[in-house]
Amino acid sequence: MRVLIREVKDRIGSEVEISGWAQNIRVLSSVLFIELRDVSGTVQGVLLRKGNEELFDELKGLPRESVLTISGEAVKSQARIGYEVQIKHLEILNRAETPLPLGVVDKIESDIETRLENRFLDLRRPEVLAIFKVQSTISNSIRDYFVRKGFIEIHSPKIVAAATEGGTDLFPVKYFERNAYLSQSPQLYKEIMMSAGFDKVFEIAPAFRAEEHNTPRHLNEFTSIDMEMSFASDEDVMDVLEDVIKAAAQSVSSLNERELEILGVEKPSLGYRFRRITYSEYVKMAIDAGIEIKDGDDLSTPVLKAVGGKINQFYFITRWPRVLKPFYVQPYDDTYSKGFDLQYGELEITSGAQRVHSPHILIDNLRSKGLSPESFSFYVNAFRYGMPPHAGWAIGLERLTMVLLNIPNIRETTLFPRDRTRVTP
RNA sequence: GCCCCGAUAGUGUAGUGGCCUAUCAUCCGAGUCUGUCGAGCUCGGGACACGGGUUCAAAUCCCGUUCGGGGCGCCA
């Protein structure tokens with residue numbers, strides 16, 4: 001019966017059977033050591049030549065990263081971790097080819113490009129696995145939070161007929177005799193769910209953006225964590241967002257101590273209240289920092305770096321100018337809106353807003369953004385027969401993972417990233 | 001879309017016109033070593049992205065192609 005390598009230390013003195021990858025084999029004249037790795041950790045197996053000549057010779061020539069099962073007694077030893085497995089039986093399940101296109105335990109760091117080309121090998125590295133164990137905690141914790149608070153999980157269509165928000169480029173797909181697109185966001189659908197009376201919904205699903213960006217923080221396919229709630233304001237959903245982020249950080253701190261240690265990252269400590277800085281205040285801060293910008297300009301990357309780069313915390317930028325936000329964002333006054341972003345330093349993690357709920361304002365907004373209300377009739381109709389006030393936001397899961405683990409490149413927090421030039425693996 | 005940069009063994013690199021039948025490490029292979037743990041030691045193997053040009057001479061300079069990285073725009 002197979003046990004996980006992590007469990008071996010609780011079975012000292014008894015027989016164990018473990019399976020995994022032979023990540024390193026050290027051969028001396030009459031004894032050899034084999035480091036076996038599985039999802040839970042590594043342990044060393046040891047074999048004396050004397051009395052095991054045949055097994056010894058077989059293992060001696062085994063290529064690294066071959067998959068095998070070994071069994072034998074777990075014993076205390078002078079191994080670094082204090083115990084090892086004395087090999088009695090061994091079954092080679094699959095022999096790896098040589099040389100490896102990417103060393104799993106080599107002392108040499110490979111380029112991100114080489115690593116992504118051979119991602120299945122790269123993902124075998126404990127520090128890469130750790131990222132995705134943490135990401136699993138984050139998404140589970142957020143899902144758990146929503147379910148506890150009475151949100152309904154939804155699954156909106158990813159093949160859509162038209163641009164959801166305008167602006168962003170979409171990936172066209174052939175839909176039988178018509179043209180359709182991959183969804184850039186569940187925005188319109190989650191709002192329709194408010195009209196449908198679901199009250200509070202969330203969705204964790206891919207979003208697709210056909211922008212030709214080439215940066216360490218953009219993907220053309222990412223995982224969007226969306227929420228929308230009825231009878232709520234921008235302030236209300238900012239409270240929820242702060243709660244959600246703190247819950248996720250708390251879960252990571254308590255469930256992923258080992259992964260944080262492997263990654264050399266401190267437990268995220270979010271014992272502070274997220275600051276709420278209005279857009280206009282932010283512009284003033286930029287001006288004070290000597291940057292040329294005026295109220296009404298978008299916050300460019302250099303501005304966010306100059307101002308936000310000094311804030312090593314989560315904080316909101318609120319009340320954005322209406323002209324800089326999409327048509328569905330509720331006005332605050334003639335100039336400003338109830339749209340907000342959640343930032344960490346210079347990086348945007350979330351954007352959200354209280355939404356327009358009046359069909360008349362919605363139609364005006366669509367027109368003023370140069371969009372045709374007729375082509376959004378499936379959406380506008382939901383506003384005409386009783387749409388409650390509502391608000392919501394969307395977090396990028398990969399970006400949140402970057403921030404909580406202090407990882408500078410979003411490709412590191414994505415299993416198989418889709419960027420400007422990569423569709424395989 | 002605009003701008004900048006890069007491409008040398010499986011992997012990571014050295015190299016700035018002749019000293020390059022190309023450096024080092026890792027890796028792979030052979031051998032050696034009763035307990036290693038980044039094992040050690042000896043020997044061996046393996047590369048100048050592609051096409052064109054300049055030159056007596058090109059990994060090195062120029063042009064193009066392909067692929068990649070970064071910055072900006074835009075966004076999660």
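Quick note on labels: first sequence line is chain A, next is B, and so on, each numbered from 1.
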Which residues within [range] lie with some heavy atom under 4.0 Å of an atom in RNA chain B?
{"range": "residues 297-312 of chain A", "result": "D298(A), S300(A), T301(A), P302(A), K305(A)"}
{"range": "residues 410-425 of chain A", "result": "I410(A), R411(A), T421(A), R422(A)"}
{"range": "residues 111-122 of chain A", "result": "D111(A), E113(A), T114(A)"}

Starting at [atom1] of [X] and ending at [atom2] of [N], how long is that distance when rounded to a whole Å?
{"X": "E109(A)", "N": "U26(B)", "atom1": "CD", "atom2": "P", "answer": "16 Å"}
{"X": "I25(A)", "N": "C27(B)", "atom1": "CD1", "atom2": "P", "answer": "13 Å"}
{"X": "N214(A)", "N": "C3(B)", "atom1": "CG", "atom2": "P", "answer": "14 Å"}

task = Mind checking side-chain contact (heavy atoms from CB on, under 4.5 Å) for S29(A) and listing every partner two or more places apart, or none if nothing turns up?
result = none
remark   = Residues passing the side-chain contact (heavy atoms from CB on, under 4.5 Å) test with S233(A), sequence neighbours excluded, are E235(A), D236(A), Q354(A)
Given the [atom1] atoms of [N] and [M], what is the spacing between them in whole Å?
{"N": "G68(B)", "M": "U36(B)", "atom1": "P", "value": "46 Å"}
{"N": "G31(B)", "M": "G18(B)", "atom1": "P", "value": "42 Å"}
{"N": "G46(B)", "M": "A25(B)", "atom1": "C1'", "value": "14 Å"}
{"N": "G73(B)", "M": "U60(B)", "atom1": "C1'", "value": "36 Å"}
{"N": "A39(B)", "M": "A58(B)", "atom1": "C1'", "value": "43 Å"}
{"N": "C27(B)", "M": "U34(B)", "atom1": "C1'", "value": "27 Å"}
{"N": "G70(B)", "M": "U65(B)", "atom1": "P", "value": "22 Å"}

ask   = With sequence neighbours left out, what residues match H218(A) under ring-ring contact (aromatic ring centres under 6.0 Å, His included)?
value = H213(A)
query = Of all residues at least two apart in sequence or in a different chain, which pass the ring-ring contact (aromatic ring centres under 6.0 Å, His included) check with Y282(A)?
reply = none
remark   = Comparing nearest nucleotides in RNA chain B, the 5'-proximal residue of the pair P101(A), N220(A) is P101(A)
query = Taking only residues at least two apart or on different chains, which pairs with a member in residues 52-88 of chain A satisfy ring-ring contact (aromatic ring centres under 6.0 Å, His included)?
reply = none
N409(A), nearest nucleotide to its side chain (from A76(B), C72(B), G70(B)) = G70(B)
remark   = Regarding the side chain of R399(A), the nearest nucleotide among C75(B), C74(B), G71(B) is C75(B)
ask   = Touch check for L219(A), heavy atoms < 4.0 angstrom, all strands: base, sugar-phosphate only, or nothing?
value = base
ask   = Which nucleotides of nucleotides 33-39 of chain B have their base under 4.0 Å from a protein heavy atom (B), which only their sugar-phosphate (S), and which neither (-), written as one string 5' to 3'?
value = BBBBBBB
Can you give me the N/O atom pairs linking the protein to nucleotides 28-30 of chain B at distances under 3.5 Å, or say none if there are none?
residue : atom : partner : partner atom : Å
C28(B)  : OP1  : R64(A)  : NE           : 3.1

query = Among Y332(A), F340(A), W320(A), which residue meets the ring pair (Phe, Tyr, Trp, His ring centres under 6.0 Å) test with Y279(A)?
reply = W320(A)
key: Check: L263(A) and I131(A) side chains under 4.5 Å, non-hydrogen atoms   = yes
key: Pairing pattern in dot-bracket form [Watson-Crick, G-U; both distances under 3.5 Å; | = partner strand] for RNA chain B   = (((((((..(((.....[.....)))((((((.......))))))...(((((..]....))))))))))))....
C75(B) base / H218(A) side chain donor-acceptor hit below 3.5 Å = yes
message = Under a 4.0 Å threshold between the charged nitrogen and the carboxylate oxygen, would D243(A) count as salt-bridged to K246(A)?
response = no
Grab the N/O contacts between the protein and nucleotides 6-8 of chain B below 3.5 Å, and write none if there aren't any.
none

